[in-house]
Amino acid sequence: MEASNRLVRILCLHGHEQNAQLFRQKTGSLRKALKNTAELIYIDAPHQSSTPTLRTWWLRPCGPQLYEGWEESRKRIQESLQEHAPIDILLGFSQGAAAAALYLVQQQHTEALSPPATEAAVQSLISIAGFIPRDERYRKVFYYNTQRDLELHSCHIYGDMDDIITPEQSRELSQAMAAMDSTSDVVVCSHGGGHMVPTLRKGDTSSYDGDDEGMRRVVVLSQTVKDFVRRRLH
């Protein structure tokens, strides 16, 4: 098939204390909204969290600002991109969004210092309740001066009532990514809920109050995400 006719392929990274199966369940309305547009592929983080079935992208044995295990997670993402190629977008929720963003930014910095890869690298992110990692070793890569634009496109979604990853944290990530490339396709939108994957279905009021304004925001959010995904093949 021609690239413009095939489905967009999205690799999905779950949040902390989740796994691929749980994240697939939580993104049911997203899959329905993107039906006939995208294929969503889910992977598990390499590190065990509180139970053998729950996973995490990094561990924090020495406190919230010192991460361990990122290299193993970076390798898992890289291997999954190769296994499921072609992948057009990385999508993540919460810690998974931070991991996806970190992977893409590190990848772009590496490419800036080396010859172009034979295969096109992933350049697009959908971040749901995302944030810049708190570990300074990884936080600083979002602010490197590379002397050239980084070709990254991103869609950032956050909840107005999120008290786990605050709107300010999500906006900080979107602003940092927008600053990397003056021509980037960077989209920011919010929903009325908390720390969650918002519904993209008009009849589901779980992420808004059920009033006309809440309905309008669901419609806008759904169309924004679909338009961003469709642009990845053009």
Side-chain angles (χ1 to χ4, degrees), residues 6-46 49 53-57 73 76-77 80-81 83-84 86-104 122 124-131 153-162 164-165 167 169-170 173-174 187-208 214-215 217-233:
R6 70 171 175 85
L7 293 178
V8 177
R9 291 171 60 82
I10 304 176
L11 189 69
C12 302
L13 280 58
H14 59 77
H16 176 62
E17 294 273 345
Q18 293 184 359
N19 58 39
Q21 182 179 1
L22 287 174
F23 193 38
R24 188 179 190 282
Q25 295 170 357
K26 291 177 180 294
T27 53
S29 73
L30 177 63
R31 293 199 312 278
K32 290 181 180 179
L34 296 177
K35 184 179 180 181
N36 302 322
T37 300
E39 176 184 5
L40 277 62
I41 300 159
Y42 299 81
I43 63 172
D44 285 318
S49 188
T53 60
L54 298 180
R55 317 299 293 177
T56 187
W57 295 101
S73 291
R76 172 66 58 84
I77 297 170
S80 298
L81 289 171
E83 177 183 354
H84 300 289
I87 295 293
D88 305 292
I89 301 173
L90 287 186
L91 178 150
F93 171 71
S94 194
Q95 188 199 55
L102 178 57
Y103 179 88
L104 291 177
V122 180
S124 299
L125 166 73
I126 296 177
S127 168
I128 305 173
F131 59 96
H153 310 291
S154 52
C155 176
H156 303 263
I157 303 165
Y158 62 87
D160 295 329
M161 304 302 292
D162 195 336
I164 297 177
I165 303 300
Q169 287 176 284
S170 291
L173 173 60
S174 68
V187 179
V188 182
C189 48
S190 66
H191 60 87
H195 194 64
M196 61 187 295
V197 178
T199 182
L200 297 182
R201 291 181 294 175
K202 298 179 183 179
D204 186 339
T205 61
S206 60
S207 61
Y208 69 97
M215 177 73 75
R217 293 179 69 179
V218 168
V219 173
V220 170
L221 176 59
S222 178
Q223 192 60 52
T224 298
V225 173
K226 285 188 282 189
D227 288 346
F228 178 84
V229 169
R230 288 168 179 153
R231 289 197 295 273
R232 303 290 62 83
L233 289 182

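- Between the CD atom of Gln18 and the CG atom of Asp44 there is a distance of 11.0 Å, given to the nearest 0.5 Å.
- Scored by the side chain to side chain contact (heavy atoms under 4.5 Å, CB included) test, Lys226 finds Leu34, Ser222, Gln223, Arg230 as partners (sequence neighbours excluded).
- Atom OG1 of Thr37 sits about 9.5 Å away from atom CG of Asp227, to the nearest 0.5 Å.
- Within the 3.5 Å criterion, the main-chain N or O of Pro46 finds a donor-acceptor partner in the side chain of Arg55.
- Between Ala100 and Leu13 the shortest heavy-atom distance is N-CD2, 3.9 Å.
- In plain terms, the two heavy atoms of Ile77 and Trp57 that are nearest each other are CG1-CZ3, 4.0 Å.
- For Gln95, the side-chain hydrogen bond (donor to acceptor under 3.5 Å, both in side chains) test picks out Thr56, with sequence neighbours left out.
- For Thr27, the side chain to side chain contact (heavy atoms under 4.5 Å, CB included) partners at least two apart in sequence or on another chain are Phe23, Leu30, Arg31, Tyr42, Val197.
- With sequence neighbours excluded, the residues that form a side chain to side chain contact (heavy atoms under 4.5 Å, CB included) with Gln21 are Asn19, Gln25.
- Residues meeting the salt bridge (charged side-chain N to carboxylate O under 4.0 Å, His left out) test with Asp88, sequence neighbours left out: Arg6.
- Side-chain contact, Ser94 with His16: no donor N or O sits under 3.5 Å from an acceptor N or O.
- Remark: Tyr103 engages no residue in a ring-ring contact (aromatic ring centres under 6.0 Å, His included) (not counting sequence neighbours).
- Put simply, the side chain of Lys26 does not reach to within 4.5 Å of the side chain of Ile128, judged on heavy atoms.
- Applying the side-chain hydrogen bond (donor to acceptor under 3.5 Å, both in side chains) rule to Thr53 yields the partners Thr51; only residues at least two apart in sequence or on another chain are considered.
- Minimum interatomic distance between His14 and Ala20 (heavy atoms only, all atoms of both residues): CD2-N, 3.7 Å.
- Here Leu7 contributes atom CG and Asn36 contributes atom CG; the two are 7.5 Å apart, rounded to the nearest 0.5 Å.
- The side chain to side chain contact (heavy atoms under 4.5 Å, CB included) search around Ser80 returns Leu11, Ile43, Arg76, His84, not counting sequence neighbours.
- Taking both residues in full, the closest heavy atoms of Gly192 and Met161 are given as O-CG, 3.4 Å, listed atom of the first, atom of the second, then distance.
- For His153, there are no ring-ring contact (aromatic ring centres under 6.0 Å, His included) partners two or more places apart in sequence or in a different chain.
- Under the salt bridge (charged side-chain N to carboxylate O under 4.0 Å, His left out) criterion, Glu17 pairs with no residue, sequence neighbours left out.
- Scanning both residues, Phe131 and Leu173, for their nearest heavy atoms gives N-CD2, 3.7 Å.
- Taken to the nearest 0.5 Å, the CD1 atom of Ile126 stands 4.5 Å off from the CD1 atom of Ile89.
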Query - Criterion side-chain contact (heavy atoms from CB on, under 4.5 Å) on Thr224 and Ile157, from CA distance to verdict - result: CA-CA 10 Å; Thr224 298; Ile157 303 165; over 6 Å; no
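- The side-chain heavy atoms of Arg217 and Asp160, taken from C-beta on, include a pair separated by under 4.5 Å.
- Separating the CG atom in Leu221 from the SG atom in Cys155 is a distance of 7.5 Å, to the nearest 0.5 Å.
- With sequence neighbours excluded, no residue forms a side-chain hydrogen bond (donor to acceptor under 3.5 Å, both in side chains) with Ser127.
- Contact record, Gly130 with Ile165: O-CG2, 3.5 Å, taken as the closest heavy-atom pair.
- Separating the CG atom in Asp162 from the OG atom in Ser170 is a distance of 6.5 Å, to the nearest 0.5 Å.
- In this view, His156 satisfies the ring-ring contact (aromatic ring centres under 6.0 Å, His included) rule with no residue, not counting sequence neighbours.
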